[in-house]
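Values below: every heavy atom of this structure, side chains too, minus hydrogens, waters and symmetry copies.
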Amino acid sequence: MIQIRKERPEDYRAVEDMTRKAFYNLYQPGCFEHYLVHIMRGHEDFVAELALVIERDGELIGSIFYTKARLVDAQGHEKPILTFGPVCVLPQYQRQGYGKRLMEASFEKAAEMGYDTIVIFGSPVNYVSRGFQSCRKKHVSLENGRYPSAMLVKELKEGALQGKHWVYYDSPVMQLSQADALAFDDALEKMERKRLPSQEEFYIMSHSFVEE
């Protein structure tokens, strides 16, 4: 039996442990994603209604978290939007459609709440099938005017961005302290930090940009 529901306080520790297992050594030796989950719950930009978990036969196997973000157009008008992450599925359940179901449920809920745009950073391979497009195609850039290959945009409502150019700003909670994150991880059950090929792939993607 599969159930998607809101995260509850009694889930917190299990969700952080699950997030740690899903991300450990994926993008860097160790990971910080579980620490981000830990601190974002208390931040003003955290969207608790979209903190969702997926259960399989009563076992927590995945989760997704959202924070508020914003877009600013050339005239200085701000548009409130969403970003999600971390989103994860336990390694033994990955590539089985659970992440897709979790994301789709969150998209439906976000639209019901009145949000019409989501901007994320991730591998296009994982998200284009869920309706995300290059930020360059949707005219959404960073403050420096560049278009990261890993910055992806999804309109929950067609035409939400009106064809205008927008600059993306995420929540301050995303600028976490690496020292604090490392200390948080060191206090948990030891896991071996390793260097893996996936980390180089992530480095290349996160440092590449889409040009004209």
With a 4.5 Å cut-off on side-chain heavy-atom distances among I, L, V, M, F, W and Y, is there a chain of contacts connecting [X] to [Y]?
X	Y	value
Leu71	Ile120	no
Val53	Met103	yes
Tyr66	Met113	yes
Ile54	Leu60	yes
Met40	Met18	yes

Practice problem: Please test Leu50 against Ile64 for side-chain contact (heavy atoms from CB on, under 4.5 Å), starting from the C-alpha separation and ending with a verdict. | Solution: CA-CA 8 Å; Leu50 294 173; Ile64 189 168; over 6 Å; no
Self-check item: Derivation of the side-chain contact (heavy atoms from CB on, under 4.5 Å) call for Val210 and Cys135
Solution: CA-CA 9 Å; Val210 179; Cys135 63; 5.8 Å; no
[X] [atom1] to [Y] [atom2] distance, which is reported to the nearest 0.5 Å:
X	Y	atom1	atom2	answer
Ser106	Glu104	OG	CD	8.0 Å
Tyr27	Phe32	OH	CZ	14.5 Å
Phe209	Leu142	CZ	CG	6.5 Å

Taking the side chain from [X] and the backbone from [Y], do they hold a donor-acceptor pair closer than 3.5 Å?
X	Y	value
Asn25	Glu192	yes
Gln175	Asp170	no
Ser198	Leu26	yes

Exercise. Could you tell me how the ring of His165 sits relative to the ring of Tyr147: parallel (under 30°), tilted (30 to 60°) or perpendicular (over 60°)?
Key: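 The arrangement is perpendicular - the two ring planes meet at more than 60°.
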Practice problem: Describe, in one word, how the ring planes of Tyr168 and Phe121 are oriented to each other, choosing from parallel (under 30°), tilted (30 to 60°) and perpendicular (over 60°). | Solution: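 Tyr168 vs Phe121 ring planes: tilted.
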Quiz prompt | Pairs involving residues 16-41, ordered by first then second residue, that meet salt bridge (Lys or Arg N to Asp or Glu O under 4.0 Å) (sequence neighbours left out) | solution = Glu7-Arg41, Glu16-Arg41, Asp17-Lys21, Arg20-Asp185
Self-check item: Pairs touching residues 76-85 that satisfy salt bridge (Lys or Arg N to Asp or Glu O under 4.0 Å), sequence neighbours left out
Solution: Arg70-Glu78, Lys79-Asp116
Exercise. Show your reasoning for whether side-chain contact (heavy atoms from CB on, under 4.5 Å) applies to Arg5 and Asp11.
Key: CA-CA 11 Å; Arg5 60 169 175 80; Asp11 300 322; 2.8 Å; yes
Please report, to 0.1 Å, the donor-acceptor pairs under 3.5 Å made by any side chain of residues 151-163, with sequence neighbours excluded.
| unit_1 | atom_1 | unit_2 | atom_2 | d |
| --- | --- | --- | --- | --- |
| Lys154 | NZ | Arg130 | O | 2.9 |
| Glu155 | OE1 | Lys138 | NZ | 3.2 |
| Glu155 | OE2 | Ala160 | N | 3.2 |
| Glu155 | OE2 | Leu161 | N | 2.9 |

Quiz item: Any ion pair linking Arg193 and Asp186 (charged N to carboxylate O, less than 4.0 Å)?
Solution: yes
Quiz item: In chain order, what residues pass the salt bridge (Lys or Arg N to Asp or Glu O under 4.0 Å) check against Glu200, with sequence neighbours excluded?
Solution: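 Not a single residue meets the salt bridge (Lys or Arg N to Asp or Glu O under 4.0 Å) criterion with Glu200.
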Quiz prompt | Derivation of the side-chain contact (heavy atoms from CB on, under 4.5 Å) call for Glu10 and Arg13 | solution = CA-CA 7 Å; Glu10 58 265 31; Arg13 183 64 181 269; over 6 Å; no
Quiz item: Would a 4.5 Å heavy-atom cut-off, applied to side chains only, mark Gln199 and Pro29 as touching?
Solution: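 Yes - at least one pair of side-chain heavy atoms lies under 4.5 Å apart.
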Exercise. Sequence neighbours left out, what passes ring pair (Phe, Tyr, Trp, His ring centres under 6.0 Å) with Tyr203? Give chain and number order.
Key: His207
Taking distance alone, no hydrogens or angles, what donor-acceptor pairs closer than 3.5 Å link side-chain atoms of residues 81-95 to residues at least two apart or in another chain?
| unit_1 | atom_1 | unit_2 | atom_2 | d |
| --- | --- | --- | --- | --- |
| Thr83 | OG1 | Val119 | O | 2.6 |
| Tyr93 | OH | Glu59 | OE1 | 2.9 |
| Gln94 | NE2 | Val89 | O | 2.7 |

